[in-house]
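Ligands are counted one by one from 1 in listed order, and the atoms in each one are counted from 1 as well. Just so it is clear, the model here is predicted, and its values are computed rather than measured.
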Amino acid sequence: MEKRIALIEGDGIGPEILAEAVKVLRCIEERYGHHFTYVPVCAGGCAIDRYGTSLPKESLEACLDSDSVLLAAVGGPKWDGVDPSIRPEKALLAIRKELGLYANLRPARIFSQLKHASPLKESIVEKGIDFMVVRELIGGVYFGEKKTETVEGELRASDQMAYSEHEIRRIAHTAFQTARKRNGRVISVDKANVLDTSRLWRKVVHEVAQEYPDVSCTDMLVDNAAMQIVKDPSQFDVLVTENMFGDILSDEASMITGSIGLIPSASLGESRRGMYEPIHGSAPDIAGKNIANPIGMILSAGLMLKYAFDLDEEQKRIEDAVEQVLSDGYRCADIMEEGKTQLSCSEMGDQIVKTIRTMS
Ligand code: ATP
Ligand code: MG
């Protein structure tokens with residue numbers, strides 16, 4: 001298979017972890033006879049430094065020309081003071097918008113080897129944490145009209161929250177299709193007791209559910225969902241929700257696994273082209289030291305193989321190799337424990353490559 005992959009290394013630990021993901025992809029190419037072309041794309045803080053904007057036109061075009069985008073991380077305190085209209089994160093919003101990436105998928109899963117890392121009680125963790133948060137990504141309050149005005153001598157600000165049936169319907173389909181490949185259970189999260197957008201959300205989700213009789217669909221209010229995620233995460237298989245609720249709940253869901261360096265994500269749209277990135281940020285505090293954990297980045301490359309290129313077997317092999325490396329007692333600094341072997345960022349990449357090569 002021939003594919004073009006746009007690589008955004010970005011800022012902070014970005015270049016270090018992306019290099020490890022590329023190592024793993026090259027190993028997959030070799031083993032399975034694929035041919036990937038890697039296109040380096042400059043975006044984020046480094047693009048502000050070089051071009052005065054976080055997403056130069058050429059960079060966006062390179063993403064649009066590729067079969068998928070693999071992103072490490074952008075931003076950092078260095079650019080805190082820049083004009084809000086060119087902030088590093090703006091590059092991501094623009095790419096999501098331009099590629100029409102309306103669905104963000106984030107697995108919240110605890111590796112059996114790292115159960116002790118969860119901040120939750122052992123009795124809760126034992127029941128299992130393995131679910132997928134499907135978050136609507138380009139609608140809702142983050143994209144609604146914003147206004148700050150002076151009313152009767154004091155400042156007043158407002159943010160509009162809006163959803164159309166079409167926007168809800170397409171993300172609902174993503175959720176039900178995802179559930180079909182998993183354990184067939186969707187929990188839709190809203191605030192239908194208060195919000196009109198949520199009432200429409202609920203109505204449309206249930207209409208779509210009719211097309212998936214093999215998948216169960218229940219509703220949960222967002223405040224309750226926030227509670228249930230820490231009380232009994234084993235009840236979730238696929239959790240689907242709107243943009244802002246999803247932003248908050250997906251961070252909560254990843255925290256209960258205790259290891260943000262290990263979690264990948266996929267942003268998908270109508271076309272097969274998507275953007276794949278670890279959930280953590282650019283970690284400027286540890287940049288340039290070769291101590292970052294590249295596993296979230298490497299698993300993101302795995303998701304890319306699965307969702308963008310339908311290479312399920314190759315993705316599974318990467319995931320199995322990561323599990324094997326953890327079982328063999330290898331750790332990066334962020335998840336280091338007594339009696340295990342600590343590896344640097346590049347050593348972890350090498351170990352995963354070696355394991356992919358030797359696994360039967
Ligand atoms: P952003 O705003 O971009 O999400 P953030 O400020 O929320 O960034 P991160 O950059 O994700 O935060 O970092 C949070 C903490 O987790 C930092 O202490 C960082 O060093 C650590 N961290 C993040 N990613 C990794 C990783 N891959 N390996 C090890 N530690 C990490
Ligand atoms: Mg963050």
Answer yes when [X] and [Y] have at least one side-chain N-carboxylate O distance shorter than 4.0 Å, and no when they do not.
{"X": "Glu16", "Y": "Lys289", "value": "no"}
{"X": "Glu319", "Y": "Lys306", "value": "no"}
{"X": "Arg169", "Y": "Glu207", "value": "yes"}
{"X": "Asp251", "Y": "Arg106", "value": "yes"}
{"X": "Asp190", "Y": "Arg199", "value": "no"}
{"X": "Asp312", "Y": "Lys316", "value": "no"}

Among [options], closest by any non-hydrogen atom to [atom]:
{"atom": "atom 30 (N) of ligand 1", "options": "Ile286, Ile335, Asp251, Ile291", "result": "Ile286"}
{"atom": "atom 22 (N) of ligand 1", "options": "Gly261, Pro284, Ala283, Ala287", "result": "Ala283"}
{"atom": "atom 1 (P) of ligand 1", "options": "Gly296, Gly281, Ala72", "result": "Gly281"}

field: Tyr142 and its side-chain hydrogen bond (donor to acceptor under 3.5 Å, both in side chains) partner, picked from Asn243, Asp159, Asp247
entry: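 Only match with Tyr142 under side-chain hydrogen bond (donor to acceptor under 3.5 Å, both in side chains): Asp247.
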
Any idea which part of [X] is under 4.0 Å from ligand 1, heavy-atom wise: side chain, backbone, both or neither?
{"X": "Asn293", "result": "both"}
{"X": "Ile13", "result": "side chain"}
{"X": "Ala333", "result": "neither"}

Counting from 1, what ligand 1 atoms have a heavy atom of [X] closer than 4.0 Å?
{"X": "Ala292", "result": "28 (N)"}
{"X": "Ile260", "result": "11 (O), 16 (O), 23 (C)"}
{"X": "Ser282", "result": "10 (O)"}

